[in-house]
Protein chains: 2
Amino acid sequence: MIDDTAARAKVVEAADQLFYAHGVQAVGMDAVRTAAGVSLKRIYALFPSKDALVAAVLERRRAQWNAGIAARAADAATAREKILAVFDFLDGWFREPDFNGCAFINAYGELHDGNPDVTRTVREQKAAFQRYVADLVRDAGAPDPLAAQIAILAEGAQTTAAIAGTPEAAAQARAAAEVLLDAAMT
Amino acid sequence: MIDDTAARAKVVEAADQLFYAHGVQAVGMDAVRTAAGVSLKRIYALFPSKDALVAAVLERRRAQWNAGIAARAADAATAREKILAVFDFLDGWFREPDFNGCAFINAYGELHDGNPDVTRTVREQKAAFQRYVADLVRDAGAPDPLAAQIAILAEGAQTTAAIAGTPEAAAQARAAAEVLLDAAMT
DNA sequence: TACGATAGAGAACGATCGTTCTCATCGCAA
DNA sequence: TTGCGATGAGAACGATCGTTCTCTATCGTA
């Protein structure tokens with residue numbers, strides 16, 4: 001047998017992949033068990049319910065998002081470049097073969113009603129991203145309203161790329177962000 | 001008894017309201033029947049399956065979206081004002097008490113897998129909107145790439161407003177669109 | 001080797017859903 | 001009035017899902 005930490009990781013990873021590809025409600029716990037190779041009994045010992053597993057999956061997504069953004073920002077020297085690095089991160093993500101839109105938006109649309117934890121988690125994730133952008137905008141010396149505009153571009157790029165099934169929305173949003181930055185800094 | 005046209009309208013309207021508020025999979029056909037006041041037998045005589053009812057609901061949403069955009073555009077004199085009228089339409093929509101994001105995005109996130117009709121319908125709706133914006137951008141004498149940027153702002157405003165539960169994303173996106181328009185026309 | 005605790009495989013359970021079917025009721029033609 | 005076709009209300013059916021339970025095999029230890 002493997003220890004609890006490893007079993008948890010395998011279950012969350014398998015559930016993430018399945019939920020993200022097919023939607024939460026379309027995936028049964030049996031499918032998670034098969035994909036993770038962990039018995040149902042063990043899964044329910046690690047997570048009290050499917051909702052708790054969904055929460056763990058969203059937490060995993062949150063960590064991945066933050067790490068991906070931070071990695072791109074680390075290569076950028078200025079606050080302006082760190083802002084644009086967000087769209088470079090999105091560009092790379094949109095090109096991954098299993099990209100299927102923002103997992104938080106998908107989860108919110110599917111589960112917001114009847115699962116208040118999901119609503120709260122998604123709202124907090126988006127608010128945290130807006131704070132991240134707001135800090136960078138302030139560092140860049142640009143006026144505060146620019147932050148919300150940059151965040152809206154990032155959100156719009158995600159849904160546009162997901163539905164179109166093509167990655168060009170990242171570059172288009174990035175170009176728009178550059179124009180907005182230039183206009184704000186004059 | 002009421003005639004087929006009226007019964008169809010009542011069923012689609014009730015289903016739209018329920019699906020939009022709670023998600024498609026969370027609403028049973030019994031709930032549609034109760035809300036519409038039309039028997040299950042009649043519903044299945046009008047729509048061969050729940051999927052067909054979902055398709056009819058999306059078609060209704062498409063007509064409402066187009067009518068709402070057209071009504072706002074009718075008040076605008078120039079192509080530039082017609083572009084900005086999109087965000088005025090969004091602002092009014094976001095303030096409706098039952099606003100819950102874009103029904104097409106929600107349906108795509110919930111049903112894209114296992115219901116190809118939904119994927120196609122949503123993709124067509126978004127493509128049609130992009131063509132609408134592209135025509136206005138051309139009429140305004142602005143370069144083509146601006147169209148995709150405007151569309152991304154509109155998409156981002158919808159998801160941002162839905163998740164935050166507040167309408168200010170419309171005004172923020174409109175302000176960004178004005179800056180992009182000004183920069184493109186110089 | 002014998003034993004007790006444990007874990008996995010999957011059957012079982014209760015609930016729910018989409019869809020179909022039954023049956024009592026009603027309107028209407030002859 | 002009588003009989004027939006159609007309709008609505010909702011029971012019924014088969015499938016699926018989240019969750020729990022049973023049974024068997026395995027492992028470490030004395």
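Chain letters run A, B, ... following the sequence lines, proteins first and then strands; every chain starts at 1. The structure displayed is predicted, hence computed values, not measured ones.
Distance CE (B:M29) to C1' (C:dT19): 9 Å, rounded to an integer number of Å. Summarising the geometry, the separation between CG on A:D4 and P on C:dT6 is reported as 13 Å, rounded to the nearest angstrom. C:dC17 atom P lies 13 Å from atom NE2 of B:H22, rounded to whole Å. In this structure, B:Q25 places its CD atom 12 Å from C1' of D:dT16, rounding to the nearest Å. Look at CG on B:L40: it is 11 Å from P on C:dT20, rounded to the nearest Å. Between the OH atom of A:Y44 and the P atom of C:dA12 there is a distance of 18 Å, rounded to whole Å. Rounding to whole angstrom units, CG of residue A:D30 and C1' of D:dC21 are separated by 15 Å. To the nearest angstrom, P of D:dT7 lies 15 Å from CD1 of B:I43.
The side chain of B:R33 places no N or O atom within less than 4.0 Å of a non-bridging phosphate oxygen (OP1 or OP2) of D:dG8.
Between D:dG18, C:dT19, D:dG8, one nucleotide has an atom nearer to the side chain of B:R42 than all others, and that is D:dG8.
Evaluation of atom-type donor-acceptor distances gives a pair under 3.5 Å for the side chain of B:K41 against the base of D:dG8.
Listed by first and then second residue, the ring pair (Phe, Tyr, Trp, His ring centres under 6.0 Å) pairs involving residues 159-186 of chain B amount to none (not counting sequence neighbours).
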ask   = Going 5' to 3' along nucleotides 24-29 of chain D, which nucleotides have protein heavy atoms under 4.0 Å from the base (write B), which only from the sugar-phosphate (write S), and which from neither (write -)?
value = ------

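Between the side chain of A:Q172 and the main chain of B:I152, no donor-acceptor pair closer than 3.5 Å is present. Side-chain N or O atoms of B:R123 include one that pairs as donor or acceptor with a backbone N or O of A:I163 at under 3.5 Å.
Here A:V32 lies out of heavy-atom contact (under 4.0 Å) with every strand.
Across A:V86, A:D88, A:L90, A:D91, a single residue satisfies side-chain contact (heavy atoms from CB on, under 4.5 Å) together with A:R174, and that is A:D88.
For B:F129 and B:W65, the ring centers are positioned less than 6.0 Å apart.
Classification of the B:F94-B:F99 ring pair by plane angle, with boundaries at 30° and 60°, yields tilted.
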task = Walk me through it: do B:D4 and B:R42 pass the test salt bridge (Lys or Arg N to Asp or Glu O under 4.0 Å)?
result = CA-CA 9 Å; B:D4 281 2; B:R42 192 94 190 276; 2.9 Å; yes

